[in-house]
Amino acid sequence: MSMHLIEDLVEGSVRALHATGEPGWRDHFVALYGFQAEWDCKFTHFQLMEILLEHGFTHRFPLSAHPDYPRLRETLDAMTEFTALSDSADDSEWLERGYVDPPYLYCDAGTALWRRMVPEAAPVAKVRLAEAVHDVALAAETQNDIELIALWHALGPDTFTPLDPRDDPDTAAIREIAVRTGATVFPLRDGYRPPLGIGDDAELERWWAGQ
């Protein structure tokens with residue numbers, strides 16, 4: 001799959017969870033964006049910023065609210081465009097220190113800057129990717145977004161668990177939803193769904209494909 005597709009997949013998943021009308025998807029978003037960070041993807045938060053703010057995944061402040069503002073005032077006030085507050089090319093590292101899109105400062109849940117600026121927030125709970133995608137698939141089924149389910153399913157069970165997926169409840173549930181909605185045969189672009197027979201376990205492949 002292309003990096004652009006991964007970006008779209010995560011964006012679609014965030015939108016699907018938000019569309020349920022339920023609050024409290026913050027920790028699911030942490031899992032989804034953690035998955036995206038494993039790929040060579042662009043920084044895409046601003047495509048969904050209002051949703052991320054609403055669920056408490058991202059927090060927005062005036063620049064002067066930075067806890068080190070007295071020391072960094074000259075640097076922060078001179079910023080005129082999007083800037084990561086780190087010289088690191090590693091997204092997982094620079095996000096720890098926040099980012100600026102003038103006139104605002106942003107930090108994401110679970111990061112070092114977030115812990116300093118939002119000390120009253122509940123700690124981020126560990127949500128497995130399989131758990132997050134299971135809830136995404138349930139939401140997508142309700143919203144009749146079969147393509148979203150199909151794209152996650154096409155990534156294969158190894159994306160969700162290193163174990164036998166038949167023994168992992170969330171991964172097995174993703175497969176169940178894909179089978180009952182017809183997502184296993186939903187037409188995707190060439191290359192998005194690996195053909196059967198390329199893995200070492202033909203029986204497991206057929207099971208995952210719903211055959």
Side-chain angles (χ1 to χ4, degrees), residues 1-19 24-69 72-118 121 123-133 135-136 139-140 145 147-148 151-152 154-155 159-160 189 191-192:
M1 287 190 174
S2 69
M3 301 306 102
H4 181 65
L5 180 61
I6 296 296
E7 294 164 6
D8 289 347
L9 184 56
V10 170
E11 179 179 341
S13 298
V14 169
R15 291 189 185 279
L17 292 175
H18 175 66
W25 292 117
R26 181 196 70 180
D27 297 348
H28 281 55
F29 294 173
V30 171
L32 290 168
Y33 280 108
F35 168 74
Q36 179 171 309
E38 296 173 4
W39 302 75
D40 186 19
C41 294
K42 295 182 298 184
F43 185 69
T44 58
H45 286 27
F46 285 99
Q47 294 170 199
L48 297 168
M49 185 53 74
E50 295 308 314
I51 292 176
L52 302 184
L53 290 168
E54 181 177 333
H55 288 267
F57 172 79
T58 300
H59 293 258
R60 180 167 61 196
F61 304 93
L63 289 175
S64 58
H66 194 291
D68 297 326
Y69 184 73
L72 300 175
R73 178 173 184 169
E74 185 176 341
T75 299
L76 292 172
D77 288 351
M79 292 179 180
T80 58
E81 58 186 19
F82 175 83
T83 307
L85 296 181
S86 171
D87 295 329
S88 172
D90 181 352
D91 285 359
S92 63
E93 182 175 329
W94 71 256
L95 282 174
E96 287 293 313
R97 298 172 60 181
Y99 47 100
V100 170
D101 191 46
Y104 297 113
L105 167 71
Y106 296 84
C107 61
D108 294 340
T111 62
L113 184 60
W114 173 81
R115 287 190 290 272
R116 295 178 70 191
M117 299 198 69
V118 197
V124 173
K126 175 66 174 177
V127 174
R128 297 170 58 241
L129 180 64
E131 179 185 348
V133 175
D135 285 327
V136 168
D145 189 348
E147 183 177 15
L148 182 60
L151 288 169
W152 276 115
L155 289 176
T159 300
F160 309 110
R189 295 182 189 177
Y192 285 3

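- When atom types are taken as modelled, the side chain of Asp27 and the backbone of Ala125 share a donor-acceptor pair closer than 3.5 angstrom.
- Heavy-atom contacts from other residues, nucleotides or ligands closer than 6.0 Å to CZ of Phe46 number more than 12.
- The main-chain N or O of Lys42 is found under 3.5 Å from a side-chain atom of Glu7 such that the two form a donor-acceptor pair.
- In this structure, Arg60 pairs ionically with Glu50, as a charged nitrogen and a carboxylate oxygen lie closer than 4.0 Å.
- Ring geometry for Tyr99 against Phe43 counts as perpendicular: the plane angle is over 60°, on a 0 to 90° scale with 30° as the lower cut.
- The shortest side-chain heavy-atom distance between His45 and Tyr106 does not fall under the 4.5 Å cut-off.
- With rounding to the nearest 0.5 angstrom, the NE2 atom of His28 is 10.5 Å from the CG atom of Leu129.
- Residue Glu54 holds its CD atom at 12.0 Å from CG of Leu48, rounded to the nearest 0.5 Å.
- For the pair Trp114/Val124, a side-chain contact is recorded, criterion being any heavy-atom separation below 4.5 Å from C-beta on.
- Looking at heavy atoms from C-beta onward, Ser13 lies in side-chain contact with Leu148 at the 4.5 angstrom threshold.
- For residues 101-111, the set of pairs meeting the salt bridge (Lys or Arg N to Asp or Glu O under 4.0 Å) definition, not counting sequence neighbours, is empty.
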Exercise for the section: Evaluate the criterion side chain to side chain contact (heavy atoms under 4.5 Å, CB included) for residue pair Trp25 and Asp135; output intermediate values, then yes/no. Expected result: CA-CA 10 Å; Trp25 292 117; Asp135 285 327; 4.1 Å; yes
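- Counting heavy-atom neighbours within 6.0 Å of Arg73 CZ, excluding the residue itself, gives a total of 12 or less.
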